[in-house]
Amino acid sequence: MNGTQHLLLSGSFRSISLFLLAFSPLHKSLDLVQTVDALGPHQYLATNPRKDRVFTTTWATPPTLQSWQVDASSVKHINTVSITATSSYVNIPPPYTHIYSTGGPTGEVHRIDPQTGGFGSKTQEFLFVPPDELDKADKTRVALRYGSHGIEFSPATHHAFVPVLGTNTIEMYNHDPTTGHLTHLSSIPSPRGPKAHDGPRHVKIHPNGRVLYCVTEHSQIWPSPFQSAAACALTPSLANYVDAYKITNSSLDYIHSLSLLPLTLSNETNSTKFRGDTLLLAPPTPAHPAPHALFATTRGSKPDTRGWLSIFALDHEGFFAPSHSSVTGTAGTRPAEPRDEPGIERFETPTSGGKANAIDLLSKSTSSGSRTQSRVYGVDQLEFKQAPLSGDEQLGEDGVWILLTDDDESTGVAGGGVRVLEWDGWGKGGVKEVAAWPDPASEEKERKSKNTDGGERMFGGSHAIWLS
């Protein structure tokens, strides 16, 4: 794709195809490039560092994973491999020789086929139930609600981490980058105890290898900013939150938590109104090669409850840093939240998000630059050689384009399964929506002009990723 547009690929919970789109920063538009015939629905998508291969999970039965080749303006199927249980997550960590997937009762490791770049042979299966219970364990997508839900890696320390919703634990492993093998080290329970019913859903690791962040899906305890675990346990209330942990050689030490909800929602009377969702670290930029912010989302459990995107400031060591004034962006005409949360900016999403409200990030200041290899914290990283910035890009040097997927039931009629949001950095106006797809009016006009059905329609998005 040329320098004025960026490719992205999206899955859907209610459509079985994949959707290749192009975003124009100049025109603030999203357009369909290709409807990719696929065996969906697809919950999660991941890429290799070159972004010429995509790996997808699927809710189809029997359980499988799929790999795809990405060219300049098309996506082609490479292969499909069978797995034991439906997966919810895929990751390709350094040195990019193995593919890791987790979901429900199992996780699996596959080699990357050196000829095709797709899935090769399976090298390991690891379990989240006792071996003698695997045969009877639910292996459908239902198990994703209480089983394993993701896997992330710390290349700096050779560790892997898997959040498990039902056991309220984060499982820690040694990762052998040569063989790809995982060896279990420890199970880290919720710092608030089993009564919190945290449901750890997604984790991310700071590139320094010292800090882990975890979003919980359905906690029932409200943590005040920088509140200790003991204090949280004595304060029954209603929130989803992001926890920060210090990574040690064989475990995690809890540090503190921040809420995924604005302070004004701390007195909600229904603990099931929100569900913690996803999180991502800010991508590297010339000004900030290490992450300066953590992005996290929560979604509404019902269509009448809109979700939230929160941006948390990080210090140079990766800890939460209350050093920026809060500026809250809004969706539509709904009033902004009070600006009383230093170090946090918030955006109320246009809908509940359905089963989605997942995000992906693209740096505005590096999206037109060229990629080179470097080392940060002693770990191979992708670095960018900056192209000259336009006036708008200079204003948003720390800014990002945010992909937000929306599975709310309204998207079946109103569209907007994939949205592009814009954030230009701290104190620069907050988060704003700039484009959405599909647009039912434009879609119908295009179908009539081409005299074609245009392939399968998207009925809400699940997860979308930037490809260029």
Side-chain angles (χ1 to χ4, degrees), residues 7-22 30-47 53-71 73-90 99 101-104 118-119 138-145 149 278 299 351 353-358 360 403-419 436-440 443-444 446-447 450 452-467:
L7 279 179
L8 59 114
L9 187 66
S10 180
S12 171
F13 288 118
R14 292 178 283 165
S15 306
I16 64 173
S17 300
L18 294 168
F19 301 90
L20 183 66
L21 307 175
L30 268 175
D31 296 294
L32 178 66
V33 176
Q34 180 190 7
T35 301
V36 185
D37 291 336
L39 188 63
H42 300 90
Q43 180 185 24
Y44 192 82
L45 294 71
T47 64
R53 296 293 186 273
V54 172
F55 306 91
T56 60
T57 67
T58 177
W59 280 1
T61 54
T64 60
L65 299 169
Q66 303 160 5
S67 64
W68 307 85
Q69 177 178 324
V70 180
D71 296 321
S73 59
S74 67
V75 175
K76 301 175 182 177
H77 181 249
I78 299 174
N79 70 336
T80 297
V81 294
S82 297
I83 54 177
T84 300
T86 298
S87 176
S88 64
Y89 207 83
V90 179
I99 309 163
S101 62
T102 57
F119 285 98
D138 191 332
K139 301 177 182 65
T140 70
R141 68 183 193 183
V142 174
L144 304 182
R145 301 173 188 170
H149 210 82
T278 61
R299 64 196 193 278
T351 74
K355 295 183 289 296
N357 257 17
D360 195 29
L403 284 180
L404 177 72
T405 47
D406 192 342
D407 178 60
D408 186 83
E409 57 188 38
S410 65
T411 60
V413 176
V418 180
R419 306 177 190 273
W437 183 91
D439 174 355
E443 189 179 37
E444 181 62 23
E446 182 179 2
R447 290 174 189 271
K450 294 182 179 180
T452 176
D453 64 6
E456 183 186 23
R457 288 190 60 201
M458 171 187 274
F459 292 94
S462 57
H463 182 225
I465 54 175
W466 293 108
L467 296 179

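Quick note: numbers below take in every heavy atom, side chains included, and nothing from hydrogens, waters or symmetry partners.
- Under the side-chain contact (heavy atoms from CB on, under 4.5 Å) criterion, Val70 pairs with Val54, Val75, Leu467, not counting sequence neighbours.
- Summarising the geometry, atom OH belonging to Tyr44 is positioned 12.0 Å from atom OG belonging to Ser101; distances are rounded to the nearest 0.5 Å.
- Here the straight-line distance linking atom CG of Leu39 with atom CD1 of Ile16 works out to 7.0 Å at 0.5 Å rounding.
- Residues passing the side-chain contact (heavy atoms from CB on, under 4.5 Å) test with Asp31, sequence neighbours excluded: Ser29.
- Atom OG1 of Thr57 sits about 7.5 Å away from atom CG of Leu65, to the nearest 0.5 Å.
- Across all their heavy atoms, His42 and Ser17 have their closest contact at ND1-O, 4.0 Å.
- Under the side-chain contact (heavy atoms from CB on, under 4.5 Å) criterion, Phe13 pairs with Gln43, Trp59, Lys355, Ala356, Asp407, Ser462, sequence neighbours left out.
- One finds the CZ atom of Arg141 at 13.0 Å from the OG atom of Ser88 (value rounded to the nearest 0.5 Å).
- Put simply, the side chain of Arg14 reaches to within 4.5 Å of the side chain of Thr411, judged on heavy atoms.
- Judged as a ring-ring contact (aromatic ring centres under 6.0 Å, His included), and not counting sequence neighbours, the contacts of Phe55 are Phe119.
- Among all heavy-atom pairs drawn from Gly460 and Ser12, the shortest one is O-OG, 2.6 Å.
- Contacts of Gln69 classified as side-chain contact (heavy atoms from CB on, under 4.5 Å), with partners at least two apart in sequence or in another chain: Arg53, Asp71, Ile78.
- Within the model, atoms CH2 of Trp68 and OG1 of Thr80 stand 7.0 Å from one another, a figure rounded to the nearest 0.5 Å.
- Remark: Asp408 pairs with no residue by the salt bridge (charged side-chain N to carboxylate O under 4.0 Å, His left out) rule, at least two apart or across chains.
- There is a side-chain donor-acceptor pair under 3.5 Å between Asp406 and Thr351.
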